[in-house]
Protein chains: 2
Amino acid sequence: MLTGRMMDFPLTVTHILERARTFFPNVEVVSRRADRSLDRSTYGQVYARGLRLVAALRKLGVRPGDRIATLSWNHAEHLEAYLTIPAMGAVMHTLNLRLAPSEIGYIANHAQDRVLLVDKSLLPLYAKFKADVPSLEHVIVVDGKEDGLLEYEKLLAEADPAGVTLPALDENSAAMLCYTSGTTGSPKGVLYSHRSTVLHALVACMPDNLGIRGDDTVLPVVPMFHAAAWGLPYEAAISGAKIVFPGPHLDPESLLDLIERERVTFAGGVPTIWLGILDRLDREKGRWDLSALRRMIVGGAAVPASMIDGFAKRHGIEIIHAWGMTEMNPLGTVARVKEQLQREGDDEQRLGYRATQGFAVPFVEQRHVSDEGDILPWDNTSMGELEVRGPWVASSYYADEGKDRFTKDGWFKTGDVVRICGEGYVRICDRSKDVIKSGGEWISSVALENALMAHPSVLEAAVFAANHPKWSERPVAAIVFREGMRASHEELAAHLASSFPKYWLPDAYVELAQIPRTSTGKFLKTKLRADYAGIFEK
Amino acid sequence: MLTGRMMDFPLTVTHILERARTFFPNVEVVSRRADRSLDRSTYGQVYARGLRLVAALRKLGVRPGDRIATLSWNHAEHLEAYLTIPAMGAVMHTLNLRLAPSEIGYIANHAQDRVLLVDKSLLPLYAKFKADVPSLEHVIVVDGKEDGLLEYEKLLAEADPAGVTLPALDENSAAMLCYTSGTTGSPKGVLYSHRSTVLHALVACMPDNLGIRGDDTVLPVVPMFHAAAWGLPYEAAISGAKIVFPGPHLDPESLLDLIERERVTFAGGVPTIWLGILDRLDREKGRWDLSALRRMIVGGAAVPASMIDGFAKRHGIEIIHAWGMTEMNPLGTVARVKEQLQREGDDEQRLGYRATQGFAVPFVEQRHVSDEGDILPWDNTSMGELEVRGPWVASSYYADEGKDRFTKDGWFKTGDVVRICGEGYVRICDRSKDVIKSGGEWISSVALENALMAHPSVLEAAVFAANHPKWSERPVAAIVFREGMRASHEELAAHLASSFPKYWLPDAYVELAQIPRTSTGKFLKTKLRADYAGIFEK
């Protein structure tokens, strides 16, 4: 091999930290506190305090490779941890405060976290799982005091940053640890490297992806305990963009106030947040000044086309739909309309593309595969499991769990069942464990649920598979009706008949008071499958 | 070390090629031909023809690591070579057709090129150096026929692309070879890796740098034989942007016609090109429709502030000044005005920043160093040699020449003498070999030349050092007066006195009919230094 003669310069979070300090020391980092006040810091201060954090953690005995956990909302101290824990060679482990305490305890213990940074307001949550995590040697309260625990501000004040140097790091060394909150099985850890984190940030910044730039004011509504907040803290820091952190205040009123007050240009979060905001904007026309807002990235769940359309037509705000996974650092696809499709299509077609999951960003590759392992054509019809690969896709889980999610030829099995059109746009039809396999054909539970929930009498619907002696599996619909409303099975079947082939229609409907859910609010279809396993057996 | 668990997915040009084919097969690639006609191709065709090129080159015996030279203007076939020669594991070596034939011959022989792709119009140039390159086994005429030489179109037509697979490549393997055209010493080769080429393209695409995106139409005026055309072919292909190649027609009329006709949104080239265009626009107000043009990147030489201002104020076109070197793939700094400076400064201050070389792009690091090796403060006063490092900076030259350009601690010495202000903006004062060292102080020859050339009687001025018994060196100004005009030494000294400290003023003025130049048109100061070496010795 003829080797290029270029510098062996590693891609590390350290460079991002140093760059923010060097070129953007006065750019603001704003945090909404628990008491709703706004706290103003800068990248220069984040750097200076970050070095003190490094000194303090070293004094506590933290060594390269150690896992340091955070249990925190989005704020400047969380950014200090994001930038400096990886830069000292340790691993930043974000704990998801929305999980059940037993799950958090399982995860922190599984990761063998040695230190925990915890918001004062989350101490009651910590109390519920601390007994499960004997590996925790030090607990540091970020924004207050608590008897018997360390105090973040005191540690920083007492630390001596003078002698602190940041180590030269291998770009393949671990930087962050994030656990999936799967609906089945135990949570599994994904260990991001410096390289994956940096490459993800660079590609996310490209104009056709998140497009973060120096004159942006970035509002990460997505929690920093979800898949590295889509890399937004790194993308803002490398670009010198101002950051505004919402703290624990994620209600529409608080977010709209922050967007208006701080002249936010870029915001990112899950669809439910934006649905609430759209509702407020519709009801309070003219109350909010969102004129600075350029783009909103929405991901983490499928975005209804009506929401994209509503923001665009009624409020002139561009929503960009993106898809990713914790296993991908997390960005995988972005639903930008290609220039040619923009020019040739009509409004409805363009909206159709914008409501898909989009197509792969640079250096991510996508394919979908049948149950038999055949790579499927991009014909917008064939349904198969989406597989991805790329420099920020996991090659294995922490502690080598879940080996069945990785193919022999080097792809990650996403667990999403998709169709892909000729232009490469991916449309998620189902989770692979929820897709219904009837007589050799696949039936999308998600498509049926969406159609059922569009019926005026239906509040919620979950479609799941039940075993069937002839067809292997057949769909069953669990329905929660709106108060005082009802619809017969025949009416529901007629409602579906116009949109789906006959064999897709559920063979049974069951009425429930509520759909069973996981701790994160997703439908618990494993319970439905178990409860109704024998429905078609005589 | 705790290693991250992410895929070992290499950063290669192959991915860029595959991505363009997969997601952007119908995006246009337009080439202006020698006869001025416009030829339309697509990324899909570039891919299909590229695979045929791979088959043809393999049949000729090309192996991984072999250097394949091009002697070509900017056109679709050159893009085919750019994308597929690296993807087959060979090395794309662009020959600079502006150099003297003897220099081209030296370079091709030094690189041991095995195959040459040459434009028919450049065969007379090839004839002048072919005897110097015994390593050349095959010469392929790109756009025509010539007795005794291979024909590109015929080779492609006869090639069998069916069995062609592109190899899995190490990201550190060589992708491109570009030679510097230094004003002193022999040209030296810079061997770009796939990794450096890809990282450079990703960072160049970021919104604050070149900001290439999918709905751009990119016009690379910068020749593809200059430092990989700033990576524009790769940046366009990875983004799915349409490309328009000007071929050999680089006059203002041809370029303006192309910008208007093809609705170009992004153009990149050297200042002289844009000065000519600005002149045409000023003289022909309203003739040209440049409404699609969003940004023009100008680099390769210092950009006069008056040009940036003229385009902005008179024509509403944003000029972005960037600086780089062949040794850096080539992008190093971009002169964007930071958001805060944009807000706080006045027009003149903003223009001042835009006319600097800018500050380092992500993952490039900058410092400047005194003759004694001290790292200098960013005080906008201290002058020192600019040093850079990063993943797309050369670690050595091909064949290990020029070792003195690399420091022991891993930085590349750019040869540019600069000042750096507190915000990090770099201002080039001189080339290090041209800076005048007088009594321990440094004097910028470039600053004096610019001031002298602003005098109404002066057509050209070159300031250089002559040895001095007391001060080590003192400045001498070589002056070419405008026809029929003159100025005395006293008048010139008085003209300079208001702008410079007294010790900066030249001790001698010599009048010349013309300034000696290199083959690329730069002042040949080594000759001036030699001619006037004894001017201060009695």
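All values reported here derive from a predicted model rather than from experimental measurement. Here is how names work: the chains are called A, B, and so on, in the same order as the sequence lines, proteins then strands, and each is numbered from 1.
With chain A as the partner, the residue from Arg213(B), Lys338(B), His194(B), Met7(B) showing the most heavy-atom pairs under 4.5 Å is Met7(B). Here Met1(A) is the residue among Glu18(A), Met1(A), Arg336(A) with the most heavy-atom pairs under 4.5 Å with chain B. Taking Gln340(B), Glu423(B), Arg19(B), Glu327(B) one by one and counting their heavy-atom pairs under 4.5 Å with chain A, the maximum is reached by Arg19(B). The greatest number of non-hydrogen atom pairs below 4.5 Å with chain A, out of Leu177(B), Asn329(B), Asn209(B), Asn172(B), is found for Asn172(B). Options Asp8(B), Val198(B), Val91(B) differ in how many heavy-atom pairs under 4.5 Å they form with chain A, and the most are formed by Val198(B). Chain B forms more heavy-atom pairs under 4.5 Å with one residue of Ala174(A), Pro64(A), Ser193(A) than with any other, namely Ala174(A). Most heavy-atom pairs under 4.5 Å with chain A: of the set Cys205(B), Gly89(B), Ala241(B), Pro362(B), this distinction falls to Pro362(B). Contact count against chain A (heavy-atom pairs under 4.5 Å) is highest for Gly390(B) among Ala175(B), Gly390(B), Pro10(B), Gly240(B).
Proximity to chain B (any heavy atom under 4.5 Å) is shown, for Arg389(A), by both the backbone and the side chain. Residue Ser173(B) touches chain A through both its backbone and its side chain, counting heavy-atom pairs closer than 4.5 Å. Contact of Glu28(A) with chain B is not made at all, since no heavy-atom distance falls under 4.5 Å. Interface residue Val364(A): only backbone heavy atoms are found under 4.5 Å from chain B. There is no contact between Pro25(A) and chain B, counting heavy-atom distances below 4.5 Å. Only the side chain of Ser196(A) comes within contact range of chain B, judged by heavy atoms closer than 4.5 Å. Heavy atoms closer than 4.5 Å to chain A are found in the side chain of Gln366(B), but not in its backbone. Only the side chain of Val203(A) comes within less than 4.5 Å of a heavy atom of chain B; its backbone N, CA, C and O stay farther away. Contacts between Ala360(A) and chain B at a heavy-atom distance below 4.5 Å involve backbone atoms as well as side-chain atoms. For chain B, the nearby part of Thr12(A) is the backbone; its heavy atoms alone come within less than 4.5 Å. In this structure, chain A has no heavy atom under 4.5 Å from any part of Val337(B). Interface remark: Asn26(A) contributes backbone and side-chain atoms alike to the contact with chain B (heavy atom separation under 4.5 Å). Interface remark: Tyr425(B) contributes no atoms to any contact with chain A (heavy atom separation under 4.5 Å).
Arg195(B) has a carboxylate O that lies under 4.0 Å from a charged side-chain N of Glu171(A), or vice versa, which qualifies the two as a salt bridge.
Using a 4.5 Å heavy-atom threshold, the side chains of Leu2(A) and Arg67(B) count as touching. Two residues are said to be in side-chain contact when any heavy atoms from C-beta on lie closer than 4.5 Å; Glu339(B) and Phe24(A) fail this criterion. Here the side chains of Pro391(A) and Leu11(B) are in contact, with some heavy-atom distance below 4.5 Å. Within the 4.5 Å cutoff, the side chain of Met206(B) has no heavy atoms near those of the Ile212(A) side chain.
For the residue pair Val190(B) and Met6(A), the shortest heavy atom distance occurs at CG1-SD, 4.3 Å. Leu191(B) and Thr3(A) make their closest contact through CD2-O, 3.4 Å (heavy atoms, listed as atom of the first residue, atom of the second, distance).
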Problem set entry | Asp215(B) and Gln342(A): CA distance, side-chain angles, deciding distance, side-chain contact (heavy atoms from CB on, under 4.5 Å) verdict | CA-CA 9 Å; Asp215(B) 60 357; Gln342(A) 189 78 35; over 6 Å; no
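Using a 30° and 60° split on the angle between ring planes, Phe363(B) and Phe9(A) fall in the perpendicular class, above 60°.
In terms of modelled atom types and a separation under 3.5 Å, the side chain of Arg5(A) and the main chain of Tyr398(B) share no donor-acceptor contact.
Annotation: Asp409(B), atom CG; neighbour count of heavy atoms from other residues, nucleotides and ligands within 6.0 Å is above 12. The 12-atom threshold is exceeded at CG of Asp400(B), counting heavy atoms of other residues, nucleotides or ligands nearer than 6.0 Å.
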